[in-house]
Amino acid sequence: MAGVVESDPIPLLTPYQMGKFSLAHRVVLAPLTRQRSYGNVPQPHAILYYSQRATGSNGGLLITEATGVSDTAQGYPDTPGIWTKEQVEAWKPIVDAVHAKGATFFCQIWHVGRVSDTVYQPNGQAPISSTDKPLTPQIRSNGIDVAKFTPPRRLRTDEIPSLVNDFRLAARNAIEAGFDGVEIHGAHGYILEQFMKDKVNDRTDEYGGSLENRCRFALEVVEAIANEIGAERVGIRLSPFAEYAECGDSNPKELGLYMVNALNKYNILYCHMVEPRMKTVNEKTECPHSLVPMRKAFNGTFLVAGGYDRHDGINAIAENRADLVVYGRLFLANPDLPKRFALDAPLNKYNRETFYISDPVLGYTDYPFLEDVTNVVASN
C-alpha cells in the first residue's frame with residue numbers, strides 16, 4: 001500500500017476490531033493532563049470536553065487524562081483521581097456522555113512516584129518511589145514554570161504489594177464508573193518507570209538489579225488488574241526510549257522487548273508505546289531506534305504515539321507499524337480530528353499557553369469545529 005491514492009480508503013480511517021471493541025477508525029485521543037479537576041475530583045466541564053472529542057469520532061477510542069490511584073499518587077495541581085467514592089461518582093456522567101456518542105473510553109491510571117512534592121502528599125509526607133534519589137527541578141510541560149520535587153522515600157519491599165493493590169482497586173473503580181477498560185501509565189518517568197529503568201532503580205531486593213527484577217513491579221500491577229477486571233479490558237502505556245523526569249535506561253530496546261514479551265503472557269488488550277524520537281514532551285529528535293521489533297513481538301493491539309501528523313499516521317497504518325495512532329495536541333485543538341483527517345481539512349493550531357491553566361473553557365472546550373469555521377467563512 002506504499003502508493004496510497006486519496007480515492008482509496010484512508011488507512012487511518014478504516015475500521016478496527018480491538019478485542020471486543022469495534023472502532024470506526026484508528027485515530028485515538030491521547031491521555032492529556034488538563035489540571036481542571038479541582039480538588040482531584042473530575043468536574044462537570046469534562047463532560048463537554050470528552051464528548052466533543054467523541055463527536056465525529058463515532059466508534060473511536062478515547063483515553064482519559066492520567067488519573068490517580070491513591071492519595072499518594074498526585075504530583076500536579078488538580079489532576080483527577082479514582083480512589084474515592086466521590087471521584088467514581090463524578091466520572092460516571094463523563095463516561096455516559098462519551099458512550100452516548102458511540103465511542104470507547106479507557107481510564108488511564110497512574111502514580112507519579114517521586115515526580116511530586118510534599119504539598120501534594122497526605123500529611124505533607126515525602127513522595128514514595130523505587131529509590132531515595134531526588135529529582136532535580138524540571139521545567140514544566142508549559143515550558144515556563146519550574147517544578148521542584150521533594151526527595152522521595154524508598155519503598156520497603158513489604159510495602160510494594162499495597163501499592164499494587166492501589167492500582168487494582170483503581171481499576172475496579174474505573175469499571176464501576178462505567179469505563180470500558182483501563183490503561184496503566186507505565187511511561188514518562190512515573191512510578192512504574194522508576195522501577196523499570198536502571199538509571200533510577202538502585203534497589204538490591206527482588207525489585208532491583210536484573211531486568212526481570214526491575215520489571216517485576218509493573219508486571220505485578222498488570223497481573224493484579226487483569227485478574228480484577230479481565231485482561232481484555234487492560235492496556236498499558238510504555239516509553240522505554242524516553243528520558244522524562246531523569247528516567248532513562250541503559251538498554252531501552254532490550255527493556256521494551258522484555259516488557260512486550262512478558263505482557264503476552266497476560267493476554268492484555270493493548271500496548272501503547274511512545275516513539276523513540278520523543279525524548280521529552282516537546283522534543284522530537286532524529287533517532288536510529290524503532291518500535292517495529294516491539295510491534296512484531298506483541299500479540300495484542302499496538303498503539304503508537306509521539307509527534308504524529310495525518311501523513312505519518314496514514315503511513316504507520318499502511319506499513320503495518322501500528323494498529324492505532326494516538327494524537328494529543330492535534331486532538332486537543334481539533335475536537336473533530338478524525339473528520340478533518342478524512343477531508344484533509346485545515347487544522348486549528350493549538351495554544352500551548354492554555355494547556356495547563358485551570359479555566360473550565362479556555363483552551364479546553366473552546367476550540368472550533370470544522371463546521372463552525374466553515375459557517376463563519378460562508379457568512380462573511
Side-chain angles (χ1 to χ4, degrees), residues 31 33 37 39-43 46 63-76 78-96 98 105-116 120-123 125-130 152-153 155-188 190-196 207 215-238 263 266-270 272:
T33 293
S37 296
N40 305 129
V41 178
Q43 298 293 305
I63 306 168
T64 70
E65 60 210 280
T67 300
V69 300
S70 70
D71 60 357
T72 66
Q74 306 296 313
Y76 301 86
D78 296 328
T79 50
I82 198 157
W83 73 89
T84 70
K85 183 75 177 159
E86 181 188 12
Q87 291 163 340
V88 172
E89 291 303 313
W91 274 117
K92 286 180 179 178
I94 304 168
V95 177
D96 289 346
V98 168
F105 204 13
F106 271 53
C107 182
Q108 190 194 62
I109 56 176
W110 75 339
H111 191 299
V112 301
R114 70 175 184 165
V115 189
S116 189
Y120 302 113
Q121 295 298 317
N123 310 315
Q125 68 190 40
I128 57 174
S129 181
S130 63
R153 178 179 72 79
L155 281 164
R156 299 190 314 272
T157 310
D158 64 351
E159 292 179 293
I160 293 173
S162 174
L163 185 56
V164 173
N165 197 49
D166 287 341
F167 276 89
R168 181 184 67 82
L169 293 174
R172 184 165 81 187
N173 286 344
I175 299 304
E176 188 189 331
F179 285 104
D180 297 297
V182 300
E183 174 175 294
I184 301 160
H185 197 343
H188 295 175
Y190 300 118
I191 204 159
L192 271 71
E193 277 207 342
Q194 290 161 36
F195 276 87
M196 283 189 277
Y207 292 94
C215 293
R216 188 184 306 279
F217 168 63
L219 294 170
E220 285 178 351
V221 168
V222 170
E223 183 175 31
I225 292 176
N227 288 342
E228 183 67 39
I229 67 170
E232 73 281 1
R233 294 182 180 276
V234 180
I236 189 168
R237 189 177 215 200
L238 300 172
L263 290 168
Y266 302 103
N267 292 315
I268 65 169
L269 179 65
Y270 74 72
H272 170 187

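Computed from a prediction, not measured in an experiment: that's the story for all the values here.
Pro80 is listed as a side-chain neighbour of Trp91, based on a closest heavy-atom distance under 4.5 Å. A 4.5 Å side-chain heavy-atom check between Val95 and Lys92 finds every atom pair outside the cut-off. Arg216 is not listed as a side-chain neighbour of Ile160, based on a closest heavy-atom distance of 4.5 Å or more. In this structure the side chain of Phe167 never reaches within 4.5 angstrom of the side chain of Trp110, judged on heavy atoms. The shortest side-chain heavy-atom distance between Ile191 and Phe217 falls under the 4.5 Å cut-off. Contact annotation: the side chain of Ile128 never approaches that of Glu159 to less than 4.5 Å [non-hydrogen atoms, C-beta and beyond]. Looking only at side-chain heavy atoms (C-beta outward), Cys215 and Met196 come within less than 4.5 Å of each other. Counting heavy atoms from C-beta outward, Arg114 and Arg153 have side chains that stay 4.5 Å or more apart.
In this structure, CZ on Phe179 lies 11.5 Å from CD1 on Ile63, to the nearest 0.5 angstrom. With rounding to the nearest 0.5 angstrom, the CD atom of Glu176 is 13.0 Å from the CD1 atom of Ile229. Atom CD of Glu220 and atom CD1 of Ile225 lie 12.0 Å apart (nearest 0.5 Å). We find the CD-CZ distance between Glu228 and Arg172 to be 5.0 Å, quoted to the nearest 0.5 Å.
Heavy-atom minimum distance, Val41 versus Ala90: CG1-CB, 3.7 Å. The heavy-atom pair separating Arg237 from Pro31 by the smallest distance is NH1-CG, 3.9 Å. Here the closest non-hydrogen pair linking Ala171 and Val182 is CA-CG1, 3.9 Å. The minimum heavy-atom distance linking Leu192 with Ala218 is given by the pair CD2-CB, 3.7 Å. Shown here for Ala174 and Ile82, the closest heavy-atom pair between the two residues is CA-CD1, 3.5 Å.
Checking side-chain atoms of Ser129 against main-chain N and O of Gly113 turns up no donor-acceptor pair under 3.5 Å. For the pair Gln121 (side chain) and Thr72 (backbone), a donor-acceptor distance under 3.5 Å is present. With hydrogens and angles ignored, the 3.5 Å screen pairs no side-chain donor or acceptor of Asp166 with any backbone N or O of Val69. Remark: the backbone N or O of Phe106 is not paired with any side-chain donor or acceptor of Gln108 at under 3.5 angstrom. Checked by atom type and distance alone, the side chain of Gln87 pairs as donor or acceptor with a backbone atom of Thr84 at under 3.5 Å. Between the Thr67 side chain and the Glu65 main chain, a donor and an acceptor come within less than 3.5 Å of each other. In this structure, the side chain of Gln194 engages the main chain of Val112 through a donor-acceptor pair within 3.5 Å. Side chain of Asp78 to backbone of Gly39: a donor-acceptor contact under 3.5 angstrom is found. Between the side chain of Asp180 and the backbone N or O of Phe105 there is at least one donor-acceptor pair closer than 3.5 Å. Panel note: side chain Ser37, backbone Asn40; no donor-acceptor pair is recorded below 3.5 Å.
Checked for salt-bridge contact, Glu89 and Lys85 meet the test: a charged N lies under 4.0 Å from a carboxylate O.
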Intermediate values then yes/no, side-chain contact (heavy atoms from CB on, under 4.5 Å), Tyr76 and Val115: CA-CA 9 Å; Tyr76 301 86; Val115 189; 3.7 Å; yes
Are Ser130 and Leu155 close enough, and set up right, to give a side-chain contact (heavy atoms from CB on, under 4.5 Å), and what steps lead you there? CA-CA 6 Å; Ser130 63; Leu155 281 164; over 6 Å; no
Go through the steps for Ile109 and Thr64 under the test side-chain contact (heavy atoms from CB on, under 4.5 Å), then give the verdict. CA-CA 9 Å; Ile109 56 176; Thr64 70; over 6 Å; no
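Applying side-chain contact (heavy atoms from CB on, under 4.5 Å) to Val221 and the options Ile184, Asn165, Leu163 leaves one that passes, Ile184.
Between Ser116 and Gln74, the side chains place no donor N or O within less than 3.5 Å of an acceptor N or O (distance only, hydrogens not considered). Counting only N and O atoms by type, the side chains of His272 and Glu183 include a donor and acceptor under 3.5 Å apart.
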